[in-house]
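Worth saying up front: this structure is predicted, and the values here are computed from it rather than measured.
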2 protein chains.
Amino acid sequence: MLDDATARTAVTAAADRLFYARGVQSVGMDAVRAEAGVSLKRIYALYPSKEDLVVAVLAGRTQQWADGLDRWAAEADTPREQVLAVFDFLDAWFREDGFRGCAFINSFGELGATSPRVAEAVREHKESFRRYVEELVQEAGLPDAVALQVVLLAEGAQTTAAITRDADVARQARAAAEALIDAAVPA
Amino acid sequence: MLDDATARTAVTAAADRLFYARGVQSVGMDAVRAEAGVSLKRIYALYPSKEDLVVAVLAGRTQQWADGLDRWAAEADTPREQVLAVFDFLDAWFREDGFRGCAFINSFGELGATSPRVAEAVREHKESFRRYVEELVQEAGLPDAVALQVVLLAEGAQTTAAITRDADVARQARAAAEALIDAAVPA
DNA sequence: GCACACGGAGAACGACCGTTCTCCGACGGT
DNA sequence: ACCGTCGGAGAACGGTCGTTCTCCGTGTGC
C-alpha cells in the first residue's frame with residue numbers, strides 16, 4: 001500500500017511521461033493508471049479531474065526546470081557564464097532521448113485555448129523563467145534588455161530544436177547570446 | 001451549389017479559423033460543417049479524413065505566411081531592412097485580434113507526437129521559413145549564421161508573444177536582430 | 001411528365017474517454 | 001473467528017467524435 005505522497009508522485013511522474021511523449025489529449029486516464037500502477041479510484045481521490053492532474057504535472061516540470069537551471073548556473077565561473085549556462089542546460093536537454101520540445105509550449109498549443117488553468121500555469125512558468133534570467137543578467141551587470149533577448153533565444157531554440165530535431169541550435173543560440181552580451185557592454 | 005474549388009476554400013478557411021482559435025482536437029467535424037456551410041458528405045469527398053484537412057489547412061497557412069513575408073520585405077528599402085522586416089511582419093501579426101501564436105507550433109505540440117503527416121508539414125514550413133531568411137541574409141551580404149539567429153529570435157518572439165500576450169516582444173526581437181547584424185559586419 | 005442521379009440534412013455506428021459505481025477480497029480491532 | 005472498513009479491478013455510464021449511411025427533395029435529360 002502506498003501512502004498519499006508516494007502515490008501522488010507516482011501518478012504525476014507517470015502522467016508526465018505519457019503526456020510529454022504523446023500529448024495530453026491522446027492519453028487516457030486508464031493509460032495513466034496502467035503506467036502509474038495506481039487505481040483510477042485513487043487517482044481521482046488525489047486529483048479530482050484530469051485538468052488538475054495536468055496542472056500538477058506542469059507544476060512539477062516548473063520545479064524540475066528551476067532545479068536544472070540552478071545546477072548548470074552553479075557550475076559557471078563568472079556571472080557572464082552563468083547567463084550563458086542557460087544554453088548549456090538547453091544543449092544537454094535537447095540531446096536527451098525522447099526530447100519533444102518544451103512541455104509548456106506543447107501544452108499551451110494543445111490546451112491553452114480551452115483550459116484557462118493550463119494557460120495560466122504556462123504563463124507562470126515562462127514568467128518565472130524570465131525573472132530568473134533577469135536576476136542572472138543583473139548580477140552580471142548587464143542591461144535589463146539583455147534578459148528578454150536571452151529568453152527569446154532560449155524559447156526559439158526550444159521550438160526549433162523540437163521541430164527540426166537538431167540539438168545544435170543550442171550552441172548557436174549561445175553564440176547569439178554571447179554576441180548580444182558583448183554588444184550590450186560598452187566597449 | 002458550389003463547385004469543388006470554392007467548397008475546398010470554404011472548408012479550409014472555416015477549419016483554419018476554428019482550429020486556430022480552439023485547437024484541432026477540440027473542434028469536431030460537425031463544427032467545421034456548420035462554419036463552412038458545406039455538408040459532411042461533401043467535406044469527406046474533398047478531404048478523406050480530418051488529418052487530410054489539417055494538413056491542407058497548414059499548407060494554406062504556409063502560403064499565407066510566405067505572402068505576408070514577401071509583402072513586408074517588399075516595403076523595405078535596403079537588404080538589411082528586408083531582413084528586419086521579418087519582425088515588422090510579426091509585430092503587425094501579434095497585434096491582430098485573435099492572435100494565438102504560431103499555428104504550426106501549436107499543431108506540432110498537439111499532434112506532432114501522434115501524426116507524422118502533421119509533424120512533417122510543420123517541419124516543411126519551418127524549413128521554408130529558414131531558407132527564406134537565409135536568402136534575405138545572403139542578399140544583405142551577411143554571414144549565414146545570422147540567418148539562424150534571426151530565425152531563433154522570430155520563433156522565440158512568436159511563442160513568447162502568444163503566452164505573455166505582449167505584442168511588444170516583436171520590437172525587442174527586432175532590436176536584438178539589429179544588434180546581431182551590426183555585430184556580424186566587420187566594423 | 002417521368003425516371004434517375006445527385007447532394008444535403010442529419011441519424012446512425014463504433015470507438016473512445018472522463019468519471020463514477022459496483023463488487024469483492026484483504027486486513028485490523030475486538 | 002467475526003465484522004466493518006478500505007482499496008483495487010474493472011464494468012458501467014453519459015457524452016463526444018470521426019466516419020458512414022439513409023432518406024428525401026431537387027433538378028435535369030428525354
Side-chain angles (χ1 to χ4, degrees), chain A residues 1-58 106-107 110-118 121, chain B residues 1-58 106-107 110-118 121:
Chain A
M1 189 48 38
L2 283 58
D3 61 87
D4 276 11
T6 29
R8 266 196 140 83
T9 63
V11 171
T12 50
D16 190 340
R17 282 191 296 275
L18 296 174
F19 291 166
Y20 184 63
R22 302 191 222 155
V24 174
Q25 304 197 72
S26 39
V27 172
M29 292 298 281
D30 202 63
V32 175
R33 177 201 56 80
E35 174 90 3
V38 174
S39 76
L40 274 179
K41 208 174 177 181
R42 196 86 187 280
I43 294 177
Y44 275 94
L46 298 169
Y47 303 101
S49 74
K50 190 182 187 181
E51 192 181 27
D52 288 287
L53 179 55
V54 174
V55 170
V57 165
L58 292 180
N106 292 348
S107 301
E110 186 174 357
L111 303 169
T114 52
S115 166
R117 294 177 58 200
V118 168
Chain B
M1 188 49 37
L2 283 58
D3 62 87
D4 277 9
T6 29
R8 266 197 140 80
T9 64
V11 171
T12 50
D16 191 343
R17 282 193 295 275
L18 296 174
F19 291 166
Y20 185 62
R22 302 191 220 153
V24 173
Q25 303 198 73
S26 40
V27 173
M29 292 298 281
D30 202 63
V32 174
R33 177 201 56 81
E35 175 90 3
V38 174
S39 74
L40 274 180
K41 207 175 176 179
R42 196 85 189 280
I43 294 178
Y44 275 94
L46 298 169
Y47 302 101
S49 74
K50 190 181 187 182
E51 192 181 29
D52 288 286
L53 179 55
V54 174
V55 170
V57 165
L58 292 180
N106 292 348
S107 301
E110 186 175 357
L111 303 169
T114 52
S115 166
R117 294 178 58 200
V118 169

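- Geometric assessment of B/R8 against the ring of B/Y47 yields a positive cation-pi assignment under the 6.0 Å and 45° thresholds.
- Spacing between atom CD1 of B/I43 and atom P of D/dC17 amounts to 14 Å, rounded to whole angstrom units.
- The CZ-P distance, from B/R42 to C/dA5, rounds to 19 Å in whole Å.
- Going from atom CZ of B/R33 over to atom P of D/dG18 covers 13 Å, rounded to whole Å.
- Side-chain N/O atoms of A/K41 include none lying less than 4.0 angstrom from OP1 or OP2 on D/dG8.
- In this entry the distance linking CG of A/L18 with P of C/dG18 reads 12 Å, nearest Å.
- Taking the side chain of A/S39 as heavy atoms from C-beta on, and the options D/dC23, D/dT19, D/dA9, the nearest nucleotide is D/dA9.
- If you measure from atom CG of A/D30 to atom P of D/dA9, you get 11 Å, rounded to the nearest angstrom.
- Side-chain atoms of A/E110 come within 3.5 Å of backbone N or O of A/Q25 as a donor-acceptor pair.
- One atom, CG of A/L46, and another, P of C/dT20, lie 14 Å apart when rounded to the nearest Å.
- For B/L40, taking side-chain heavy atoms from C-beta onward, the closest of the listed nucleotides D/dA9, C/dT19, C/dA11 is C/dA11.
- Within the nucleic acid shown, B/V27 comes within 4.0 Å of sugar-phosphate atoms alone, with no base atom in reach, counting heavy atoms only.
- The interatomic distance linking B/D3 (CG) with C/dG7 (C1') rounds to 15 Å, in whole Å.
- As a whole-Å value, the separation of B/K50 NZ from D/dT20 P is 15 Å.
- You'll find the side chain of B/L111 stays beyond 4.5 Å of the side chain of B/E51, heavy atoms only.
- Rounding to the nearest 0.5 Å places CE of A/M29 at 8.0 Å from OG of A/S49.
- Picking from C/dG18, D/dT19, C/dG8 the nucleotide with the shortest atom distance to the side chain of A/Y44 gives C/dG18.
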